[in-house]
Number of protein chains: 2
Amino acid sequence: MDKTLTLQSSLDNDRLQSAAFLAKSLSDANRLRILLFISDGKKSVSTIVEELDLSQPLVSHHLKELKRSLLVKVEREGPFIYYELSDSRILTVLQTLSDVATNLLSARKTF
Amino acid sequence: MDKTLTLQSSLDNDRLQSAAFLAKSLSDANRLRILLFISDGKKSVSTIVEELDLSQPLVSHHLKELKRSLLVKVEREGPFIYYELSDSRILTVLQTLSDVATNLLSARKTF
DNA sequence: TCATCATATAAATGTATATTTATATATTGT
DNA sequence: ACAATATATAAATATACATTTATATGATGA
């Protein structure tokens, strides 16, 4: 049984919907910057705001979106709220997407 | 050097933009159905329309989007136009996203 | 050239979303 | 209770996008 058959049996329509939903959450560069920044341990909102140089409401909005897709874990400690990447496999997804994009773009320039 | 450092050096802002752009192309379930369907060899537009039970203009629209993101290769043969997945690594991305989604959803229900 | 089939495009519509500005809520220390 | 800080929410705006319906373009065969 080859990979295609494996995929077709394991990627039914419900799972495709879920995958598409996660992909939508990964479709904004600022959210990817946030995910990458919180991938090596929990970070407070203010830390994210300062480090990524984004407005506080914008970071809050994107964190809400990431929380909606379950891609982040949230934890309160006193006045601070910490966000952390919930599944490290997302990092490999991002790396692969970046690699694929690089290849596709370089191939496009080859006439 | 751990994976995080590797990621931070290889995923600069340009690459994040590219990854986000590809992710956006993967953020629609109908597009994922199309990508999966054309992943085992080129398929004509009409075949996609019939097999996936989508309207012809809708399929055309999504194929245009997939072409814009370079995720498909296009080839004309007489009156037919064939589309094919341009990079099979996209399949592993979809499989991983589906797996992650399944895990995140099942973990959410565990109180 | 005409009719037919395959595919693309245009127009219209509804909905989603990224961002900014302004304000509200929640927690802590005094 | 009050002031200060951390974070979230609301409102407004602009833009993007999925889908449908209608029409156009392009290729083929008679």
Side-chain angles (χ1 to χ4, degrees), chain A residues 13-14 16-38 41-85, chain B residues 13-14 16-38 41-85:
Chain A
N13 275 16
D14 274 0
L16 276 191
Q17 272 290 359
S18 303
F21 188 70
L22 282 192
K24 180 154 55 181
S25 211
L26 300 178
S27 69
D28 180 272
N30 282 330
R31 274 199 293 272
L32 296 192
R33 292 176 68 209
I34 292 174
L35 284 177
L36 225 59
F37 183 58
I38 67 178
K42 59 187 183 184
K43 301 281 196 314
S44 71
V45 177
S46 42
T47 303
I48 299 171
V49 166
E50 292 159 14
E51 200 70 20
L52 301 187
D53 196 34
L54 299 173
S55 77
Q56 182 268 319
L58 183 56
V59 168
S60 197
H61 163 72
H62 284 310
L63 288 173
K64 187 182 192 173
E65 204 61 27
L66 290 171
K67 185 180 166 191
R68 192 164 73 100
S69 62
L70 306 179
L71 285 178
V72 297
K73 287 184 295 189
V74 194
E75 185 186 337
R76 172 156 228 148
E77 269 183 42
F80 299 97
I81 301 185
Y82 292 95
Y83 288 81
E84 183 176 12
L85 183 63
Chain B
N13 275 16
D14 274 0
L16 276 192
Q17 272 291 359
S18 302
F21 187 70
L22 283 192
K24 179 152 56 181
S25 211
L26 301 177
S27 70
D28 181 89
N30 282 330
R31 274 198 294 272
L32 297 191
R33 292 177 67 209
I34 293 174
L35 285 177
L36 224 59
F37 183 58
I38 67 178
K42 60 186 182 184
K43 300 280 195 314
S44 72
V45 178
S46 42
T47 303
I48 299 172
V49 166
E50 290 160 15
E51 200 70 21
L52 301 187
D53 196 33
L54 299 172
S55 78
Q56 181 268 318
L58 183 55
V59 168
S60 198
H61 163 72
H62 284 310
L63 288 173
K64 186 180 190 175
E65 203 62 27
L66 291 171
K67 185 180 166 190
R68 192 165 72 101
S69 63
L70 306 179
L71 284 178
V72 296
K73 288 184 294 187
V74 194
E75 184 185 338
R76 172 155 229 151
E77 267 182 42
F80 299 98
I81 302 185
Y82 292 95
Y83 288 80
E84 183 175 12
L85 183 64

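Since the structure is predicted, the reported quantities are computational estimates derived from the model, not experimental observations. Residue numbers begin at 1 in each chain, while the letters A, B, ... track the order of the sequences.
Following rounding to the nearest Å, B:Lys67 (NZ) and C:dT7 (C1') show an atom-to-atom distance of 11 Å. Distance B:Tyr82 OH to D:dA27 P: 15 Å, rounded to the nearest Å. Atom CZ in B:Phe80 sits roughly 8 Å away from atom C1' in C:dC5 (whole-Å rounding). Here the P atom of nucleotide D:dT19 and the CG atom of B:Leu52 are 12 Å apart, to the nearest Å. Put simply, CG on A:Asp28 is 5 Å from P on C:dA18, counting in whole angstrom units. What separates CD1 of A:Ile34 from P of C:dA18 is a distance of 11 Å, to the nearest Å. With rounding to whole Å, A:Lys64 atom NZ is found 14 Å from C:dA16 atom C1'. Here D:dC17 presents its C1' atom at 16 Å from CG of B:Leu26, a figure rounded to the nearest Å.
In this structure, the side chains of A:Val72 and A:Leu35 come closer than 4.5 Å at one or more pairs of heavy atoms.
Side-chain proximity of B:Pro57 to D:dT20, C:dT19, D:dT9: nearest is D:dT20. The nucleotide whose nearest atom lies closest to any side-chain atom of A:Ser60 is, among C:dT7, D:dT19, D:dA8, D:dA8. Residue B:Arg76 places its side chain closer to D:dA27 than to any other of D:dA27, C:dT7, C:dT19. The side chain of B:Ile81 lies closest to C:dA8 when the candidates are C:dT20, D:dT7, C:dA8. Here the nucleotide nearest the side chain of A:Pro79, chosen from C:dT9, C:dT28, D:dA27, is C:dT28. With C:dT7, C:dT19, D:dT7 as the choices, the nucleotide that has an atom nearest any side-chain atom of A:Gln56 turns out to be D:dT7.
In terms of phosphate contacts, A:Tyr83 brings a side-chain nitrogen or oxygen within less than 4.0 Å of OP1 or OP2 of D:dA8. For the pair A:Arg31 and C:dA18, the criterion of a side-chain N or O lying under 4.0 Å from OP1 or OP2 is met. Proximity of A:His62 to the phosphate of C:dT19: a side-chain N or O atom is located under 4.0 Å from OP1 or OP2.
Listed for the B:Ser60 side chain is no donor-acceptor partner under 3.5 Å among the backbone atoms of B:Pro57. Looking at B:Lys67, its side chain never comes within 3.5 Å of a backbone N or O of B:Val74 through a donor-acceptor pair.
In this structure, A:Lys24 reaches the sugar-phosphate backbone alone: every heavy-atom distance under 4.0 Å involves primed, P, OP1 or OP2 atoms, never a base.
Between A:Arg68 and B:His61, the one whose closest nucleotide on DNA chain C sits nearer the 5' end is B:His61. Mapping A:Ser46 and B:Ser55 onto DNA chain D via the closest heavy atom, the residue that lands nearer the 5' end is A:Ser46.
With respect to the salt-bridge test (charged N to carboxylate O, under 4.0 angstrom), the residues B:Glu77 and B:Lys42 qualify. For the pair A:Arg31 and A:Glu65, the salt-bridge criterion is not met [side-chain N within less than 4.0 Å of a carboxylate O].
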